[in-house]
> 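Below are the structure tokens for one structure; questions will follow.
This is a predicted model, so every value here is computed, not measured. Numbers for residues simply follow the sequence, beginning at 1.
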Amino acid sequence: MNALVTKLSNKVLIKDKKTIIMISVTPLKKFLCFALIILPVLINFSCSSDDDSDADTEEGPKGNCIENGAEITITGNHNHTLEIPTQDIISGTTKVYPLIGATGHEHMLTITTENFATLKTNNAITIAASTNAGHTHAVTIGCKE
């Protein structure tokens, strides 16, 4: 399409063979264009892929799930509880657990054979619980130290 673009004061006129469009360029539209298009691009380029974390930060396994049991953190928790017996970690069979409590609703959490294998190496896992009452919870299971 061969379009002819002409700027008339604060309006842009775009013409092609069949249409003429007048677009008013206001300060609000300029700001929105900057905020929605240019700013995200600038933020993306300003982020570094370098790891600036402290050298003292430990990576890898923490605690011992077989000897000390599981340590459970439920994000956005409002009185849900979850217990994972050490024997379940040892057996490593996929199992579904309820997140229960005095909340008036419960969520279900499936821990797979692969998840249990990760826990056996003393590495933490994070799993999303089922959605109920319009929300879900991320559950992180690590090993007690």
Side-chain angles (χ1 to χ4, degrees), residues 1 3 5 7-14 16 18-145:
M1 167 169 81
V5 178
K7 183 164 186 303
L8 304 170
S9 67
N10 70 337
K11 296 184 180 187
V12 176
L13 178 63
I14 302 173
D16 67 15
K18 296 182 181 178
T19 51
I20 297 176
I21 302 171
M22 291 285 281
I23 301 171
S24 177
V25 181
T26 64
L28 177 62
K29 287 182 182 176
K30 287 179 182 178
F31 171 76
L32 289 175
C33 178
F34 176 78
L36 297 174
I37 297 170
I38 297 170
L39 191 58
V41 171
L42 292 175
I43 291 170
N44 188 35
F45 284 119
S46 69
C47 293
S48 172
S49 62
D50 294 341
D51 184 10
D52 295 333
S53 61
D54 289 352
D56 296 339
T57 304
E58 289 185 43
E59 296 292 325
K62 297 196 182 205
N64 190 311
C65 284
I66 303 300
E67 290 181 15
N68 306 323
E71 182 174 69
I72 299 163
T73 305
I74 302 171
T75 59
N77 196 10
H78 46 106
N79 296 320
H80 288 293
T81 60
L82 173 65
E83 293 293 325
I84 302 173
T86 302
Q87 186 56 43
D88 289 356
I89 298 170
I90 293 168
S91 71
T93 304
T94 296
K95 191 166 181 182
V96 178
Y97 297 89
L99 271 66
I100 55 176
T103 60
H105 67 279
E106 69 179 35
H107 301 274
M108 304 307 288
L109 182 77
T110 302
I111 303 178
T112 65
T113 302
E114 292 81 16
N115 296 142
F116 281 123
T118 300
L119 291 172
K120 285 180 185 178
T121 63
N122 301 318
N123 286 290
I125 58 173
T126 300
I127 306 169
S130 64
T131 300
N132 193 356
H135 68 279
T136 187
H137 298 277
V139 180
T140 300
I141 304 163
C143 304
K144 290 180 183 174
E145 293 191 42

> Which distance, rounded to the nearest 0.5 Å, do you find between the CG of N64 and the CD of E145?
10.0 Å

> Please name the pair of heavy atoms, one in F116 and one in I89, separated by the smallest distance, quoted to 0.1 Å.
CD2-CA, 3.6 Å

> Please check: side-chain N/O of K62 versus main-chain N/O of C143, any donor-acceptor pairing under 3.5 Å?
no

> Give a yes or no on whether the backbone of I100 and the side-chain of T81 come within a donor-acceptor separation of less than 3.5 Å.
yes

> Which atom names give the shortest non-hydrogen contact between I127 and I125, and what distance separates them?
CD1-CD1, 3.7 Å

> What are the two closest heavy atoms between C65 and G142, and how far apart are they?
SG-O, 3.7 Å

> Do any N or O atoms from the side chain of T140 and from the backbone of T126 form a donor-acceptor pair under 3.5 angstrom?
no

> So, the side chain of N132 versus the backbone of E106: is there a donor-acceptor pair under 3.5 Å, distance only?
yes

> Using the six-membered ring wherever Trp is involved, compare the ring planes of H78 and H137 and label them parallel, tilted or perpendicular (cut-offs 30° and 60°).
tilted

> Taking A138's backbone N and O only, do any of them form a donor-acceptor pair with T75's side chain (distance below 3.5 Å, no angle check)?
yes

> Looking only at non-hydrogen atoms, find the nearest pair between I72 and L82 and report the distance.
CD1-O, 3.3 Å

> Tell me the closest heavy-atom pair linking P85 and Y97, and the distance in Å.
CD-CE2, 4.3 Å

> If you compare all heavy atoms of A129 against all heavy atoms of V139, which two are closest, and at what distance to 0.1 Å?
CB-CG2, 4.5 Å

> Measuring from L99:CG to E83:CD, what's the distance to the nearest 0.5 Å?
11.0 Å

> Quick check: do T110 and T94 have side-chain heavy atoms less than 4.5 Å from each other?
yes

> Okay, side chain of D88, backbone of T93: is any donor-acceptor separation there less than 3.5 Å?
no

> Between I141 and N115, is any pair of side-chain heavy atoms under 4.5 Å apart?
no

